[in-house]
Amino acid sequence: MLLCQLKCVILQPVVYKIDCKNQFKDNNNKLFKSMESNSFQVVNEIFTTKEAIDEAKRCLNCKVPMCRKGCPIDNDIPEFVHQLSMGNMGKAMSIINDKSNLPAICGRVCPHEKQCQGNCILNKKGKSIQIGKLECFIADFDTDMNLIRERIQKNIRGRVAVIGSGPAGLTVAGDLARQGFDVTIFEGQNVAGGVLMYGIPEYRLPKTVVRKEIAKIEALGVNFVLNCLVGENNITVDSLFDEGYDAIFIGTGTSIPMNMNGVKGADLRGVNQSTYLLHCVNSYNEGVISRDMVPINPGERVAVIGGGNVAMDAARTAIRLGADVTVIYRSTQDKMPAIPSEYNDAVAEGVKFMWESSTIDFVGNEKNCLKAIHLNTPDGEKNVEFNRVFLAIGSRPANRIVSTTAGIDVDERGYVIVNERPMGMTTRSGVFAGGDVVHHPKTVVLAMKAAKEVASGIAQYVDAIKLLEDCKKLEEKG
Ligand code: FAD
């Protein structure tokens, strides 16, 4: 099923670059306005082979590589950069593969400025090695050239069900498949990838890249069951155990967006979630829905409430749809959780910001549509006219699985509680969890880091129960 979807992908290799407000430039320097289909083309150019090798050669090969310390999954950055500098792409890729199942994605969306690149010694001179772009280059090269042929063990060590195919689920599945487990991913959506597919916008993370990374995980022998929401239609954690799975991993993320239901007017037409906008636009870019189903029309005045990366994605997406966009944030710029580069890009693209401004209520017209937001601002209370507002004020886990399964404890906000021994096991034996559903919304690489640790916990657990089963059989025989 997944392969069939992969075949449907239309490759668009031309790289586009943001030039100035509402205008985008392609490789031939041709300008075009936003709102056209091409405005969702990627904003970060990929290195050519020469550029990548030249960049790798700048690495100082530090005795104590701070870049590696800055990587949450301890990627051996100096070594893969060194191999790249000698043109050894396959070796560079196998070094990355030791730690990451999703390098083409991490290379594009990790907050490098806070991690590897931010820690690079050359950063002091403002010339840090562009590690993210090098990682991307190697991963793309590997995919395009089909370099690596991994030898996978036979699936004999045990059967594991993974619920959710975001970065956490994909990492657990990839790691366990490599270690000889028979893994099946159950995904509620009609496409694998989680937030990578329906959250992060196309211009930052092309969906062709996500599909190719997932195809590599599929090639390790991982099975995908799509359109399968566990916790509904009699598919539960218990029914999966009944089917013979030895362990189950929950990597279901935080799919319930926080709302402003206590605020007057929050139910007006035109008040929506940012994640809904991003999902619609990704579906539109994939050709799944038509343009009129995307909830922004050109020229509309759009507000985004929030100051995190989701708010930046919604604002930059709205700009691309031809809207006049203002981000409303309750605190000051320095307290905004969005990474600085995302904020700078939003400003460069024409997004406006209102600081220290909080919503008192939403004002509607006679047709129950949003007309204005009544705000408390540093200049006092005022009504600011908007056609639409998108909320980006956080999210939390759904309770579909825990409410249909006995014995999985969650905290007061619905996050799954896990143990350290075996690593990542919930209060229900054999059921594990990791990623955003445990540690609150964070980042792709932190979901992967948690998932890698839980994968080793699952392997230990399954080995232990298999050993106990064997001992029991011996006892019965004797
Ligand atoms: P998710 O990615 O949320 O995946 C959960 C999966 O489980 C989904 O596919 C979902 O459909 C599935 N699922 C849920 N319930 C069920 C069920 N009952 N049965 C079956 N399947 C189910 N991080 C970065 O590092 N860089 C970024 O640039 C970045 N940008 C972001 C932009 C947006 C708009 C958002 C929302 C997040 C962004 N993040 C970013 C955060 C990052 O995407 C998440 O931290 C990460 O995806 C969490 O991974 P996960 O696997 O835990 O959950």
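Note that these values count all heavy atoms, side chains included, but never hydrogens, waters or copies made by symmetry. As the structure lists them, so they are numbered: ligands from 1, and atoms in each ligand from 1.
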Which is closest to [atom] by heavy-atom distance: [options]?
{"atom": "atom 36 (C) of ligand 1", "options": "Thr443, Val310, Asn227", "result": "Val310"}
{"atom": "atom 2 (O) of ligand 1", "options": "Leu226, Val195, Val191", "result": "Val195"}
{"atom": "atom 47 (O) of ligand 1", "options": "Pro167, Pro257, Gly166", "result": "Pro167"}
{"atom": "atom 39 (N) of ligand 1", "options": "Arg400, Lys442, His279", "result": "Lys442"}
{"atom": "atom 19 (N) of ligand 1", "options": "Val230, Asn190, Asn399", "result": "Val230"}
{"atom": "atom 6 (C) of ligand 1", "options": "Gly251, Ala447, Pro72, Gly253", "result": "Gly251"}

Under-4.0 Å heavy-atom contact with ligand 1, by part of [X] that carries it:
{"X": "Leu170", "result": "neither"}
{"X": "Arg204", "result": "side chain"}
{"X": "Asp313", "result": "side chain"}
{"X": "Cys228", "result": "backbone"}
{"X": "Leu278", "result": "side chain"}

**Study point:** Electrostatic pair Asp98-Arg178, nearest N-O below 4.0 angstrom
**Key:** no

Review point. Aromatic rings Tyr415 and His440: how do their planes relate, parallel, tilted or perpendicular, breaks at 30° and 60°?
Key: parallel

What residue and heavy atom of the protein are closest to [atom], and at what distance?
{"atom": "atom 12 (C) of ligand 1", "result": "Glu187 OE1, 3.4 Å"}
{"atom": "atom 29 (C) of ligand 1", "result": "Ile200 CD1, 3.6 Å"}
{"atom": "atom 45 (O) of ligand 1", "result": "Asp436 OD2, 2.9 Å"}
{"atom": "atom 23 (N) of ligand 1", "result": "Val444 N, 3.4 Å"}
{"atom": "atom 17 (C) of ligand 1", "result": "Leu229 CD1, 3.5 Å"}
{"atom": "atom 7 (O) of ligand 1", "result": "Gly164 CA, 3.2 Å"}
{"atom": "atom 27 (C) of ligand 1", "result": "Val109 O, 3.6 Å"}

Practice item. Output yes when the distance from some N or O of ligand 1 to some N or O of Gly188 is under 3.5 Å, and no in every other case. Key: yes

Point to revise | Polar proximity ligand 1 side, Ala168 side, N/O cut 3.5 Å exclusive | key: yes

Check your understanding: With a cut-off of 6.0 Å (strictly less than), are more than 12 heavy atoms of other residues, nucleotides or ligands near NZ of Lys352?
Key -> yes

**Study point:** Trace of the ring pair (Phe, Tyr, Trp, His ring centres under 6.0 Å) decision for Phe386 with Phe362
**Key:** CA-CA 10 Å; Phe386 289 106; Phe362 299 104; 9.9 Å; no

Exercise for review: Return yes if some donor-acceptor pair links the side-chain N/O of Gln117 with the main-chain N/O of Ile131 below 3.5 Å, else return no.
Suggested key: yes

Revision key, fill the gap. Gly435 heavy atoms within 4.0 Å reach ligand 1 at atoms 52 (O)

Practice item. Could you check Asp409, Thr405, Asp238 and say which one makes a side chain to side chain donor-acceptor pair (under 3.5 Å) with Arg428? Key: Asp238

Exercise for review: Report yes or no: does a heavy atom of Asn309 sit under 4.0 Å from some atom of ligand 1?
Suggested key: no

